[in-house]
Each structure stands twice: as structure tokens, then as C-alpha cells.
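Here's the structure, in C-alpha cells; my notes come after.
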Amino acid sequence: MMVSLCMRVHFIRKIRLFRTMEGNHGSYTDKTRVLDIKPLRSLKPVFPSGNQAPPFVCAPPFGPFPPGFSPFYPFSSSQANQHTPDLNQAQNPPQHHPQYTPQHQPQYQPPQFQPQISSEPSLVSPLRSFRSPDTSNGDVEPEASTVKRKIPKKRVVRPENLNFESGISVAERENGNRKVVTSVLMRFDALRRRFSQLDDAKEAVSGIIKRPDLKAGSTCMSRGVRTNTKKRPGIVHGVEIGDVFYFRFEMCLVGLHSPSMAGIDYLIVKGEKDEEPIATSIVSSGYYDNDEGNPDVLVYTGQGGGNADKEKQTSDQKLERGNLALEKSLQKNSAVRVIRGLKEASQSAKIYIYDGLYEIKESWVEKGKLGHNTFKYKLVRAPGQPPAFATWTAIQKWKAGMPLREGLILPDLTSGVESIPVSLLNDVDNENGPAYFTYSTTVKYSESFKLAQPSFGCDCSNSCKPGNLNCHCIRKNGGDFPYSSNGVLVSRKPMIYECSPSCPCSACKNKVTQMGLKVRMEVFKTADRGWGLRSWDPIRAGSFICIYAGEAKDKSKVHQAMAYDDYTFDTTRVYTPFKWNYEPGLADEDASQEMPEEPEIPLPLIISARNFGNVARFMNHSCSPNVFWQPVTYENNGQLFLQVAFFALSHIPPMTELTYDYGVSRPSGTQNGDTLHGIKKCFCGSEYCRGSFG
DNA sequence: GTTCTTTCAAGTAT
DNA sequence: CATACTTGAAAGAA
């Protein structure tokens, strides 16, 4: 079932890198009582334009894949899946000190560099056509019918999908674990992003995708991409307190809360004579249920009465269904899972945080706004659970600037260079801050980094439209628009081509990594790994986090000793391959069509952030990371910028440390078959820790 | 660019 | 095996 990813077309590009634009002109004020961090004042041009440079080269695809690596990770069956990330280490303390296991080490074929012949990727592969699964019933819809085509409830299994296997065993489907939960969530979101991309491109003419989340969710349901189907009160295996969700369907698929719409989930318990419902979980909408002040208390409103919106209630609620189940849970002292729905004022997206188990303390009936009876239930959080919703409420207060946090060293270590502040905090020991460096948001290219031949942007007016194959920038991306309308990366690719500052499309959605930070982050002192980076905001899978700023060099032109230090990003390291994109078989696309993902860098690039850098220099390594890097280029005034951009691998809860795979250096003289060891001992604490990195 | 309003969905219990 | 129950998410309007 392994399909070689090597069957890809090699595109040869000329890439020309040029100096960064003039940096931000921040002024250094004496905010720093203990730390001497200066904003970047200016970045001088490093080399002039118009240099003749040697013809440029291009990396062929990575591969072949090492033995033991499943190219369908994390979509493969769990047996073949040795590297499933543990994506929530904050909730998951290290169980043991990890041992290095050489069989996990990929045998790596280094990229070969070839001279280049053409100036642009010549491809324009047509958009993969989407076909609705319900078109095979043979019925011809009248053309002038009510426009909308309904998707029938019964799926018609298409021949090419008959052999699709979810890779999840019957036992794992009934009772999950962290690995399966993670895999299900990633597969769902990859599929949802793809449907969303097709929808954006208006490609789904034959089957309108109104709700990519529902479409992806029902596909996963029907194909067995789900877990914890055995309903039970209490903990759900593999779901951890603090986990964040962006869609109701995500909670259905992992068995945290099965109703796709209703707020109360319950289970019928069969006694000797009677049957009684008990509640298993509730989703608080966050609109009516907030108990001001105490995040451990929730007053929840029952269901029914005509309309969930209490302003439009038409009748009394009855003690049945969910309301009855909550009442029975109160009588039996049965704990209920609580998922807090949150709507941030600044962002329109609603999110859900799993806040653990609550006990129902009392229930009563009160009149709603229109005089109808409504049930109320007071729930109190069970003690001894790690904070989740409480963390979120604390962050809202920090954002309002009210309580001064213990250990806060600087409110903004960038001194205004970033558009959002990045705080610096140490509540672990007495260290006053990281060693001196200059905060810079840009990459500056060294003298050795000369590239020939101009590249061209697009000529779209105002904004580039997904699906517009006349747009040169979209064509460079193979015909697909790389980002959703909300800025989320759809697929991991060997290279992403963004529109540039000099493209005429001013409000273009194809400019993401050049727009600076979007999530509120902080640099903090870790217990055992120096300084680290984490986010106040929850981060949705595929969201842009930051680029790796610093001084870029061509590794082949610098001394080996200079290439390695604590603040170096090196694209030539050996990185554990992984799969992040959707499975074509699930998306009703040709399952044999492989999508290359592993980075293709046109030269051995290293970026040093020792003297100049941004928040990325503080991100630590993990063998089970929650962030991945992705090469991005964009053109400006005939030159091409090459950058390393970081995106969220999965949904990341607030205050969870951000980590990526540092890879392992290949010392000179090693052969492809040699076992590679990193030069640093790893303390990531992951179950799948390789023991070393760097 | 934001915020309110309207629309139309899916799984599960019954 | 239909059908009722539940409310979110996104598109469109203001």
C-alpha cells in the first residue's frame, strides 16, 4: 500500500534571493530593567541587486523513504505508526526517560543539487476535480430546479473507495488512546481544509459544499475514522483536559460529545427493571452559562422549550431527554464532562475547551425571559484536575493588563517591533533573560547568498481569487490556493509561493507569512530546557505562527564549525518525515495520486539567529512537536525571498509550549546507512523521544 | 473591516 | 426505518 512519493515531477527553478527591505525603525527606550534587548533599527542592504550569480540549483524530492517509515503517517494504522506526536505535553508529563531507538532513525538520501534550466516552475496541474459522492445515482436533476442539490443521507460508495481502510482497529474505535485521538483529529481537519479550499475555489459545482466541517465529519464517520464510540461517563481515553476543538464534529469523532448539535449528551443505563438516562457530557455555549468570577462553577440551562435562544422560548422545558439525564446524574452523583464554548471578542471563531469533570450540585426551575420554565443546573468542577478554562480566563485578564504576573520581566521584548507584544517571563528561577540579541522580524541574506534570474509576481487587481488559473502566483502553487480564506494553511508542500508586496493585489489572502505575528506569544523559562516559546491564544491547526528570522547563509559556503550553534536553523538536517495533508481517498479524489509534502529547498540554507532573530529562536525541539516548518518564497521587485515559516501541526491549547523537530545534523563523512545521532541530549519527554537532536 | 441575521445542516434516541 | 430533537457555522446583509 505504500506508494512511492518519488514519482513526482522535478521542477527546476531559479531562485533569486535578495536583501530584506529596510527593517522597522523601532526606537530603543529603557523599558528593559534587566535585559538589554534592542529592537532592530535597520537592516542595511547586504548585497546589491544585479549581481551575476551562478546558476541556481534545486533539490530533488526527498527519498527514498527509510525503512519503517510509513508514508501515510499519521494516517496509517497505529501499528505502523511509530512517531505519532504527543501533542499535548503540558497535560502529559514525561513517564520515563526516553531511550534512543536507532530503528526509528530514517536513512536519508541527501538532496542532490542540479543545475537549473528554466526560470519558473512550468507546471500548471489542473485543479483536482471534486465530485460529490451522490452523483452516481443516475438521476438527472432538472436544470431549473431550486438550484441547490441536496446530498442524500445514504452514501453511495464509489468503487475506488471500496478498499479504503481507516487503519483504526475495532478495539481502537470503541476505546481510544492518545495516538488514535490525535490521528483522527488531524485526518478530519486535513479533509476539512481541503473541502474548504475546493469551496473557496468554487470548484465544487457538482456538489456544493456548504459546510466543509460537516462534509469532512460525515466522511470520517462513515469511513470509520473515529474513536471512543463506546459511550461512557467520566474520562475519555486519549482526550486530555485542556484540549481545544474548533468544531463540534471534532468532539463527536473522538467520542468526547456525540451529538452533532445538542448540548447535552447522555446514556441510557439499563437496570433490572427500569431504564434511566445519565448525562455524560455537556457543551456550554458560553453565552448564558457564565458564572462571573469563578471558572470552576457553571450554571447550565436545560434544553427544549421551542428554541435554544432563550429570548425566543415558546414553551416550558420538560424533564425529559437531556434535562432528565442531568437530573439523574445529580441524584446518582455521577460526574459530567464539561466542554466550555468560548467566543473571543477579538476573533469571530468560536472554540471549545475540554475542562474535565464536573459534579452537579443542585438543580432548579426558573422562569425564562418570556415567562416559560427553564431548568438550571449548578455544576462544580471536580478538584485535582489541571487548569484549562481557568487558564483561558486568566489570559483574558492578562490581556486587559490588570494583574501583574509574577515573574514578568518584560511586557514586550520586541520593544514594539512586532505588531503584538511578546512578553518575557521567568517564574522558575532568577535568570533575568536570555543573552543579548537584536530583535528582528526579517531575514537578511548574506553576501554568499546570491541568486540569479528574476521571478515574477501576478497581475491580479485587488485580490487573487482562488481558482483563478490566470493568476501567476496560484499557478506557481500548482493551481491550488495555499491558504483558506481565514489564513489557515491547507496543505503542506515542498514550497509555498506567496504573492508579494509588489503584486498589485493589495488585500490578497496569499500573503500570510509576510504579515507578521498574529498570535499573542510569550518567551518563558522552562524547567530544564532554557527559554521556550508558548502562546496565550489557542492556535488552530495550520495557522501561521512565525518565520525563522536571522542571517541567512548558503551552508556550502561557510565553514562547518560556523554552521552549528544553538540558534541556527539548518534545512539540510535530517528531519523525520511526516504526513499532514488529507488522504485523497477520503476526499473523493484519486487515492493513487500522491501529494509531495517534504520541503524542497533550492540550496543548503542555514539561518543564524544568534545576533538577529525573532521569537522563533526560542522555540525548543521536540520529538513529538506541535509545530512544523514550511519553506515559503515570494517575489519582490524581481527578486525572490526564501523563508522558513512555522505552522501549527494541530490545535494548540493556550500556554502550551511550541516545539518543532530540530532534525539531526549529518556530520561530514557519514554514509546514508549510518545511524545518526544528534549532538544534544533531548529532554522533550515525549513517549516517542529519539533521545537526541541537533 | 465588523456585527447582526438568515439559512440549513447531522447524529442519535425514539 | 423514518422522524423529532438539538444548535452551530458560514454566507449574506447591514
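Remember, predicted model here, so these are calculated numbers, not experimental data. Each chain gets a letter, A, B and so on, in the order the sequences are listed, and its residues count up from 1.
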Exercise. Are any of A:K318's side-chain N or O atoms less than 4.0 Å away from OP1 or OP2 of C:dC5?
Worked result: no
Taking side chain to side chain donor-acceptor pair (under 3.5 Å) as the test, write out the residues that go with [X], two or more places apart.
X	value
A:K328	A:E276
A:K397	none
A:R248	A:H257

Seminar exercise, completed: Taken to the nearest whole Å, CE/A:M221 to P/B:dA10 is 12 Å
For this session: Round to the nearest Å and state the distance from A:I339 atom CD1 to C:dT7 atom P.
Result: 14 Å
Table of protein N/O atoms under 3.5 Å from nucleotides 9-13 of chain C N/O atoms:
from	atom 1	to	atom 2	distance (Å)
C:dA9	OP1	A:R248	N	3.0
C:dA9	OP2	A:Y352	OH	2.9
C:dA9	O4'	A:R211	NH2	3.0

For this session: Would you please name every residue forming a side chain to side chain contact (heavy atoms under 4.5 Å, CB included) with A:A279, sequence neighbours left out?
Result: A:A325, A:L326, A:S329, A:V336
Seminar exercise, completed: Axis-to-axis angle across the helix from B:dT2-C:dA14 to B:dT14-C:dA2, five pairs each end, nearest 10 degrees, ~ 10°
Problem set entry | Whichever of A:L214 and A:R321 has its nearest DNA chain C nucleotide further upstream toward 5' | A:R321
For this session: With sequence neighbours excluded, tell me which residues meet salt bridge (charged side-chain N to carboxylate O under 4.0 Å, His left out) with A:R193.
Result: A:D189
For this session: Identify, with sequence neighbours excluded, every residue that meets salt bridge (charged side-chain N to carboxylate O under 4.0 Å, His left out) alongside A:E320.
Result: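 Applying salt bridge (charged side-chain N to carboxylate O under 4.0 Å, His left out) to A:E320 gives none.
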Problem set entry | Flag if over 12 foreign heavy atoms under 6.0 Å of NZ, A:K318 | no
Exercise. Got a sec, which residues hit ring pair (Phe, Tyr, Trp, His ring centres under 6.0 Å) with A:Y246, two or more places apart in sequence or on another chain?
Worked result: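 By the ring pair (Phe, Tyr, Trp, His ring centres under 6.0 Å) rule, A:Y246 matches A:H651.
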